[in-house]
Amino acid sequence: MARKTIKWILIVLVIALFVVLALFGLRYYMYARYPLEYEDLIRSYAIEYGLDPYFVASVIWAESGYDKDAVSRSGARGLMQIMPDTGTWIAGKFGDSAYTEDSLFTPEVSIRYGCWYLSYLTEKFEGNEIKILAGYNAGPGRVDEWQQSWGEGHLPTAEDIPFEETKNYVTKIAKAKDIYKKLYTI
């Protein structure tokens with residue numbers, strides 16, 4: 001009888017150990033999959049431009065995977081993958097005469113400019129997160145075109161977006177934002 005009891009206790013302990021290791025492994029995996037760097041810059045510029053810092057963190061994750069030196073196929077640069085022409089336009093708004101295209105590789109510039117641009121899109125699209133993200137990914141002019149086909153007053157979902165890449169981008173960030181909220185306190 002005692003041997004059976006010891007055997008069951010060992011089985012329960014092994015299962016419990018496995019569950020604990022699985023949970024810690026999952027948590028470690030989630031932190032590795034959804035890193036958070038430049039937290040102070042994200043918080044500071046998100047607050048300055050009236051944005052949710054988890055939203056900003058998710059955009060950075062989707063755009064560059066927190067690689068400050070990232071360059072896209074289309075030439076977007078830095079953490080927030082800003083196109084050089086857009087960076088020049090934003091620099092003009094700031095009166096930043098020191099701006100160069102390589103400035104976008106500087107985390108502070110990328111996050112500041114990216115947050116300002118997200119704030120600009122937030123105002124333009126009246127806070128509609130689908131349109132804001134679609135505008136960030138495909139350009140605000142395309143969103144304006146899509147809105148015409150959707151009809152005035154239509155509140156789009158990701159499924160309404162005709163570009164598969166942009167549709168996936170919007171969905172990806174919405175999911176990432178929820179995960180960032182569960183993992184971090186920004």
Side-chain angles (χ1 to χ4, degrees), residues 31-147 161 163 165-181 183-186:
Y31 279 114
R33 177 86 169 96
Y34 296 90
L36 178 62
E37 299 174 36
Y38 313 105
E39 185 176 345
D40 291 342
L41 291 172
I42 291 169
R43 182 184 318 104
S44 174
Y45 287 117
I47 289 168
E48 183 174 338
Y49 294 109
L51 302 168
D52 178 346
Y54 298 102
F55 179 69
V56 175
S58 299
V59 169
I60 294 170
W61 172 80
E63 288 289 345
S64 68
Y66 283 86
D67 177 2
K68 68 179 184 63
D69 298 316
V71 178
S72 73
R73 291 185 313 265
S74 60
R77 296 169 171 228
L79 290 168
M80 295 196 74
Q81 289 293 280
I82 298 169
M83 292 296 291
D85 289 347
T86 303
T88 300
W89 176 67
I90 295 169
K93 298 286 185 187
F94 287 142
D96 183 356
S97 60
Y99 171 82
T100 67
E101 291 180 1
D102 287 342
S103 299
L104 295 171
F105 295 121
T106 305
E108 183 160 5
V109 171
S110 185
I111 294 170
R112 179 181 183 214
Y113 282 28
C115 284
W116 182 89
Y117 191 55
L118 285 169
S119 177
Y120 164 81
L121 293 172
T122 298
E123 186 175 323
K124 176 176 177 47
F125 296 122
E126 300 173 338
N128 182 292
E129 201 166 285
I130 302 285
K131 290 181 183 181
I132 295 163
L133 290 171
Y136 198 89
N137 180 260
R142 285 213 172 95
V143 176
D144 289 338
E145 290 171 16
W146 298 338
Q147 184 63 57
I161 297 171
F163 288 7
E165 176 189 332
T166 303
K167 182 187 306 187
N168 293 337
Y169 175 82
V170 167
T171 303
K172 180 180 183 178
I173 290 180
K175 289 178 185 174
K177 184 173 136 182
D178 289 340
I179 292 168
Y180 272 93
K181 283 183 177 183
L183 292 176
Y184 299 102
T185 302
I186 303 177

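Residue E37 qualifies as enclosed at atom CD: its count of foreign heavy atoms under 6.0 Å is above 12.
How far CD1 of I130 is from OG1 of T166: 11.5 Å, rounded to the nearest 0.5 Å. The CZ atom of R33 lies 8.0 Å from the CD1 atom of I179; values are rounded to the nearest 0.5 Å. In this structure, OH on Y136 lies 5.5 Å from CG on L118, to the nearest 0.5 angstrom. Expressed to the nearest 0.5 Å, how far CD1 of I42 lies from CD1 of I111 amounts to 5.0 Å. In this structure, the separation between CZ on F94 and CH2 on W116 is 6.5 Å, given to the nearest 0.5 Å. With values rounded to the nearest 0.5 angstrom, Q81 atom CD is found 11.0 Å from I60 atom CD1.
Nearest approach of Y31 to L183, heavy atoms of both residues: OH-O, 3.0 Å. Listed here is the closest heavy atom pair of A98 and S103: O-OG, 4.0 Å. Shown here for E165 and N137, the closest heavy-atom pair between the two residues is OE2-ND2, 3.7 Å. The minimum heavy-atom distance between P84 and G75, with the atom names listed, is CD-O, 3.4 Å. In terms of heavy atoms, L104 sits closest to Y99 at CD1-OH, 3.5 Å. Taking both residues in full, the closest heavy atoms of P140 and L121 are given as CB-CD2, 3.9 Å, listed atom of the first, atom of the second, then distance.
For D67, there are no salt bridge (charged side-chain N to carboxylate O under 4.0 Å, His left out) partners two or more places apart in sequence or in a different chain. Listed by chain and number, the residues in a ring pair (Phe, Tyr, Trp, His ring centres under 6.0 Å) with Y34 are W61, Y180 (sequence neighbours excluded). Qualifying side-chain contact (heavy atoms from CB on, under 4.5 Å) partners for N168, counting only residues two or more places apart in sequence or in other chains: E164. Considering only residues two or more places apart in sequence or on other chains, T88 meets the side chain to side chain donor-acceptor pair (under 3.5 Å) condition with none of them. Listed by chain and residue number, V109 satisfy the side-chain contact (heavy atoms from CB on, under 4.5 Å) test with T106 (two or more places apart in sequence, or in another chain). Taking the ring pair (Phe, Tyr, Trp, His ring centres under 6.0 Å) definition, one finds that Y45 meets it with nothing, sequence neighbours left out. The side-chain contact (heavy atoms from CB on, under 4.5 Å) check on D40 picks up R43, with sequence neighbours excluded. Listed by chain and number, the residues in a side-chain contact (heavy atoms from CB on, under 4.5 Å) with K68 are Y38, L79, P107 (sequence neighbours excluded).
Between F125 and Q147 there is no side-chain heavy-atom pair separated by less than 4.5 Å. With a 4.5 Å cut-off on side-chain heavy atoms, Y117 and T86 count as touching. Taking 4.5 Å as the limit, some side-chain heavy atom of L133 sits within range of a side-chain heavy atom of V59.
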Throw together a table of side-chain donor-acceptor distances under 3.5 angstrom for residues 169-176, partners on residues two or more places apart or in other chains.
| residue | atom | partner | partner atom | Å |
| --- | --- | --- | --- | --- |
| Y169 | OH | E63 | OE2 | 2.6 |
| T171 | OG1 | K167 | O | 3.0 |

Side chains of residues 48-57: which donor-acceptor pairs under 3.5 Å do they make with residues two or more places apart or in other chains?
| residue | atom | partner | partner atom | Å |
| --- | --- | --- | --- | --- |
| D52 | OD1 | Y54 | N | 2.8 |
| Y54 | OH | Y184 | O | 3.1 |
| Y54 | OH | I186 | N | 3.2 |

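Judged as a salt bridge (Lys or Arg N to Asp or Glu O under 4.0 Å), the pairs with a partner in residues 131-144 (not counting sequence neighbours) are, in order, K124-D144. Listed by first then second residue, pairs satisfying salt bridge (Lys or Arg N to Asp or Glu O under 4.0 Å) with a partner in residues 74-95 read R77-E101, R77-D102, not counting sequence neighbours.
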